[in-house]
Amino acid sequence: MTELNAGSATDVGRRRSINQDMVLVSDRIFAVADGMGGHQGGEVASLAAVEALRDAFRDLPTMDGLVEAVRAANSAVEARARSSADLRNMGTTLTVVALLDEAEDDLLAIANIGDSRAYLLRNGELSQLTQDHSVPQELLRQGQLSEAEAAVDPRRNILTRVLGASFGDGPDVQNLIPYTGDRLLLCSDGLYNEVDDADIARVLRTVDDPTAAAQNLVDQANANGGADNISVVIVDVLDDEGRAATASAVLADAPQTGRSERPGAERRGANRLMTTDERNEELRGLSRPKASPPAAMRSDSWERNEAPNVHAEPERRITVRVVGFILILLLVLGVAAGAVGVYARGSYFVGLEEGRVAIFKGRPGGLLWFSPTVEELTPLTEASVPPERAAAVAEGHQVATLGEARAYVRALGPTPGAGGAADAGTTTSAPDTTVAPATTAVAPAAP
Ligand code: MN
């Protein structure tokens, strides 16, 4: 069984009076929830969501079970919101890593709704696994904004999907084959708005203990301003049942076996960003009261997150593969064309050319673009061919060599005792003298 070890840290930050984030560290399910809503709403929402998630997933630790557990969390938040006027507009993000049961190959499943994130550190490289459900991110996915525009869009704090207030299409769900040494990071925006990816990666690479690493990241966020609540969960893969030992490069690149809940939500490379489907629904915003981090800081982390992973690497890989494929294809076609040419032109046949028996080089009727050519025109006419050979000659009697063709022609002609018959029968040198006896030779056989 896959073995995990996790640690977490959460902090109110330096500007807020209460911590509305909530972390969940359980035996096989881990989550960060970032609550929002006036008064105490955010706290209530994030706690209700995490508790409902944990309880529901315990009953059904499968991919379907995880989706159901997120729905249950949404229902729990909605129910609490209806219970009090003060809580009416509350909501919460939810980002989850869960270990599926053995029937589902011990896969890790990742679900997210809102703008809390999941990252993966694998082989020392950090990649973002989730996409934020924010207005500029949705517009980016629909092609209405460029990455640069989305990075500085003032609506980036407006979330399009959260539990409670705006469930919409629900969570994005993906799965991940865990390998020993993998390190997953779940965090609220209070971390990634304050600490850039390079610094996050450095801590994940250098601080082994997950609790200590989580605390280190929280401390850095506070040192950089701590404008929001900060929550971090780190999940380490300690044992992958020997997968890492047996995994080849091919396996690492192959499509993963697990299911994706949403069309288009398939993960190809283990370290690459997943692409979710393009949503065309009307954007419904949920305003989020929080201090905006400096635009430059967000812009920096955005560029680092998106650009190298989404575009540069896949295109380079495709180009190399396409060029290699074309070279191999050309080579194969060249060899095949040569082989066909040798086959098409490498033999002879005896056939008819405008009423005369002729020796052709090539194949009767030709082959592809290789047409037969007349090698020698004999003095024999069609009418002089013995009846039992007429059909064969009409079709073209194939032989391997020119010598065999000449011998066949000789056999077609009259069988004169004259020693010069061989020459006469195979060349155009004396047509009249050989045609005449041939005609007479055929005549007696006719009746
Ligand atoms: Mn937050």
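When a ligand or atom number is given, it counts from 1 through the structure's own listing order.
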Asker: State the atom name: nearest N, O or S atom of Asp228 to the Mn ion (ligand 1).
Answerer: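 Output for this pair reads OD2.
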Asker: With side chains defined as the heavy atoms from C-beta onward, is the minimum distance between Arg363 and Pro372 less than 4.5 Å?
Answerer: no
Asker: Do the charged groups of Arg161 and Asp169 touch, with an N to O distance under 4.0 Å?
Answerer: no
Asker: Considering just N/O/S atoms, say which atom of Asp34 is closest to the Mn ion (ligand 1).
Answerer: OD2
Asker: Do you know which N/O/S atom name in Asp189 is closest to the Mn ion (ligand 1)?
Answerer: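 Atom name of the closest N, O or S in Asp189: OD1.
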Asker: Short check: any N/O/S atom of Asp115 below 2.8 Å from the Mn ion (ligand 1)?
Answerer: no
Asker: Suppose we screen for side-chain contact (heavy atoms from CB on, under 4.5 Å). Which residues come up paired with Leu47, at least two apart in sequence or across chains?
Answerer: Met22, Glu51
Asker: Flag this pair as yes if the NZ/CZ of Arg117 is under 6.0 angstrom from the six-membered ring centre of Tyr192 and inside a 45 degree cone about the axis; otherwise no.
Answerer: yes
